[in-house]
Amino acid sequence: MTGSLHCELMVSLHLNESAYHDEAHPRYARAIWGRVTSDTCSARTTQARVADALRKPTDTKPKIMSISPEKLATEVERRRTFAIISHPDAGKTTLTEKLLLYGGAIHLAGSVKSRRAAKHAVSDWMELEKQRGISITSSVLQFEYEGHAVNLLDTPGHADFSEDTYRTLSAADSAVMLIDVAKGVEPQTEKLFKVCRMRKLPIFTFVNKLDRIGRPPLDLIEEIESLLKMRCCPINWPLGQGREFRGVYDRINKEVVLFNADGSHGESVVDLERVPIDHPRVREVLSPTRYENFREEIELLDIAGDPFDIERVRSGDLSPMFFGSAMTNFGVESFLEHFLDMAPNPVESNVNGVDPKDPAFSAFVFKIQANMNPSHRDRIAFMRVTSGCYQRDMQAKLARTGRQIKLAYPQGFMANDRAVLEEAFAGDILGLYDPGMFRIGDTLSNGAEISSPNIPRFSPEHFAIVEITDALKRKALVKGLDQLSEEGTIQVFKQPFLGDKDAVVGAVGMLQFEVLKFRLEHEYRVPVRLRTLTYAHARWVDGEPYDESAFDRLDYCMALRDRDDLPILLFRNDWALSYCRGNYPQLEFLPNPPGTPGLAELHGNGWI
């Protein structure tokens, strides 16, 4: 084969591989090239065979997979997809672990109490999460329990990661609000509660840490109702607190559930004893005074409390309330059973306004995570299936680009542990390998196009310049910043006349800079320094004329470009922003890119 033909075929192969990236994987392309170069036929024949090998199928019309309406309805109705929200240190990750324990997904629960513990929480899979003992990124955990297919979304509690939590809540049908019995409603809990209320998610309340002395349950109910403006209906009621926490009274089943501590410190399922409320065993475990108080509280709830109303729960006006201790497993099983019976399925929640029983497959991307497998440096796009049934290797249309793509290698999740799925139904969380084609908010379908969910971008409040300490690592740095910005860890901006040199990063909270530095050094092997910038506001510029160089010369502004090459300005303080607004009336200074909704646009200025 001649050199010119060799070059021509390589170019042809490259172009076809780029055009049909979903089907022509590198290994597939190399196999074709091997067949072509070993052939002794004429140049014209060889070129024809390359084209045939890489040509798309003639029938590119997406096919709706055949599945009976009865099976689709049954599968969709047994799905339960929910997120857990709380203030940091309320025990959210511990509760997640115990739900997995009772769901049979794990057999020994790991403690998140000590950083030196040999076993870590399943949902805290990132190395920095293990070191710090906190949740940094959202995790997806899937398991079966008594006929229900459960998709549990564990979210970060720290305020610096609110954007990741907000995106994750867009994929949930309901939310569990976790409250520390000693601290009550805390600031981050209140903020995330408002986000759930704005999304009209049913909210279930779990009062945690009853194994410690805390506030009276009636006081907590009053605080929730007065501060959050949401009525509560206790489904169970605690028998004591601290060392005297002996069980809960199940108001639905009219029975007392007594706990028997087995000395495993919550690592395994605890034995339960179920007896009527007037059984002698209840008097045995409680002192006479505490028993009388317990009976009086139950009578008060029956007379003056809000009755349970599933319609009010679904509308978000009433929160079923549970008490327990995630650390000791007391009350967890009772909560899980009642929650799965009460929580809405995808049909009842109707996420994104799509009928889940529509046979046409549709989904949207709510999260992208890079380097879940450090050995392979892969990237996964998390999708919420909104209708129909996904089947392996099916094709769907990516609405943003109009391109038909093959959805191969679907993943089911247990944090960072994955298994290949053959099918998934509306309500499920699906993971697909992302070669760089997906963005957060993208929609896919093999029927009518669905609208993109309202997933806003948060305006960054902290800024820093990324300085590399090893010039030979610049290519790896650019790759790392690109991937981490696409997954939403940080926002990356370029200085107009410097290209990729000295990129500026923006974040909602300072802790995100620590995560960025750690991940660049450990996942991309790029040692960096972050030089903090003293700017207070980031505003995208819309309008003409805009003289970028003139703004960049001002000492109270910094002119940058975002990843879509849109102009953005950093302002040192409120005065600088106000001054520019007054002196440049032809320009708009937007907290989000033009055409991209922010929290204020979606929920009004009172969302905080």
Side-chain angles (χ1 to χ4, degrees), residues 128 136-137 160-164 166-167 365 367-371 377 379 381 434-442 455-471 473-541 548 551-552 557-571 590-596 598:
L128 186 58
I136 289 172
T137 185
D160 286 3
F161 306 109
S162 297
E163 188 170 6
D164 189 22
Y166 193 107
R167 289 193 295 260
V365 178
K367 177 181 175 64
I368 294 174
Q369 184 70 52
N371 302 322
R377 296 285 182 261
R379 184 166 62 173
D434 178 18
M437 70 174 69
F438 296 119
R439 285 193 177 186
I440 293 171
D442 276 348
I455 303 179
R457 286 178 65 175
F458 282 39
S459 182
E461 301 174 7
H462 305 276
F463 311 92
I465 291 180
V466 182
E467 297 177 339
I468 191 169
T469 59
D470 184 353
K473 297 284 188 177
R474 182 164 300 279
K475 185 176 180 181
L477 173 64
V478 172
K479 176 183 177 182
L481 290 177
D482 286 345
Q483 291 191 352
L484 295 179
S485 67
E486 287 172 358
E487 74 173 53
T489 301
I490 40 86
Q491 295 187 45
V492 178
F493 310 108
K494 295 180 180 180
Q495 301 184 53
F497 310 107
L498 296 181
D500 292 329
K501 184 179 179 183
D502 293 342
V504 176
V505 292
V508 176
M510 291 297 293
L511 189 54
Q512 287 178 286
F513 287 153
E514 184 178 341
V515 174
L516 171 66
K517 188 173 186 295
F518 182 91
R519 294 188 64 183
L520 285 175
E521 293 178 351
H522 289 78
E523 295 178 14
Y524 298 92
R525 303 292 189 266
V526 181
V528 296
R529 290 189 300 264
L530 296 180
R531 178 159 55 88
T532 305
L533 299 174
T534 56
Y535 292 95
H537 304 289
R539 293 293 184 267
W540 276 261
V541 183
E548 189 171 54
F551 276 95
D552 197 44
C557 286
M558 186 175 189
L560 302 170
R561 292 271 172 167
D562 70 2
R563 67 176 183 178
D564 296 318
D565 202 38
L566 296 175
I568 181 173
L569 291 174
L570 304 187
F571 295 93
L590 307 173
N592 295 281
T596 302

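Closest of all the heavy-atom pairs between C557 and Y535 is O-OH, 3.7 Å. Shortest non-hydrogen contact noted between P567 and E548 is CB-OE2, 4.4 Å. When all heavy atoms are compared, the tightest approach of V492 to A503 is CG1-CB, 4.2 Å. Between L569 and A559 the shortest heavy-atom distance is CD2-CA, 3.7 Å. Of all heavy-atom pairs spanning Q512 and A507, the tightest one is OE1-CB, 3.4 Å. Heavy atoms only, all atoms of each residue included: A536 and F463 are closest at C-CE1, 4.3 Å.
Of the inter-residue distances, the one linking R561 atom CZ with Q495 atom CD reads 13.5 Å to the nearest 0.5 angstrom. With values rounded to the nearest 0.5 angstrom, L481 atom CG is found 11.0 Å from E486 atom CD. Atom CE in M437 sits 10.0 Å away from atom CZ in R379 (nearest 0.5 Å). Remark: L530 CG to H462 NE2 distance equals 13.5 Å, nearest 0.5 Å. To the nearest 0.5 Å, the span separating OG1 on T534 from CE on M558 amounts to 10.0 Å. Going from atom CG of L511 over to atom CG of L516 covers 11.5 Å, rounded to the nearest 0.5 Å.
S459 is listed as a side-chain neighbour of R539, based on a closest heavy-atom distance under 4.5 Å. Using a 4.5 Å cut-off on side-chain heavy atoms (C-beta onward), S485 and I490 make contact. Inter-residue side-chain proximity for R439 and V365 is flagged as unmet; no heavy-atom pair is nearer than 4.5 Å. L520 places a side-chain heavy atom less than 4.5 Å from the side chain of L484.
I440 is linked by a side-chain contact (heavy atoms from CB on, under 4.5 Å) to R167, I368, I455, counting only residues two or more places apart in sequence or in another chain. Considering only residues two or more places apart in sequence or on other chains, R563 meets the side-chain hydrogen bond (donor to acceptor under 3.5 Å, both in side chains) condition with none of them.
Ring-plane geometry between F493 and W540 is classed as perpendicular, the angle between the planes exceeding 60 degrees on a 0 to 90 degree scale with a lower cut at 30.
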Apply side chain to side chain contact (heavy atoms under 4.5 Å, CB included) to Q483 and Y524, showing your working.
CA-CA 11 Å; Q483 291 191 352; Y524 298 92; 2.7 Å; yes
I would like to know whether Q491 and D562 meet side chain to side chain contact (heavy atoms under 4.5 Å, CB included); could you show each step before the answer?
CA-CA 8 Å; Q491 295 187 45; D562 70 2; over 6 Å; no
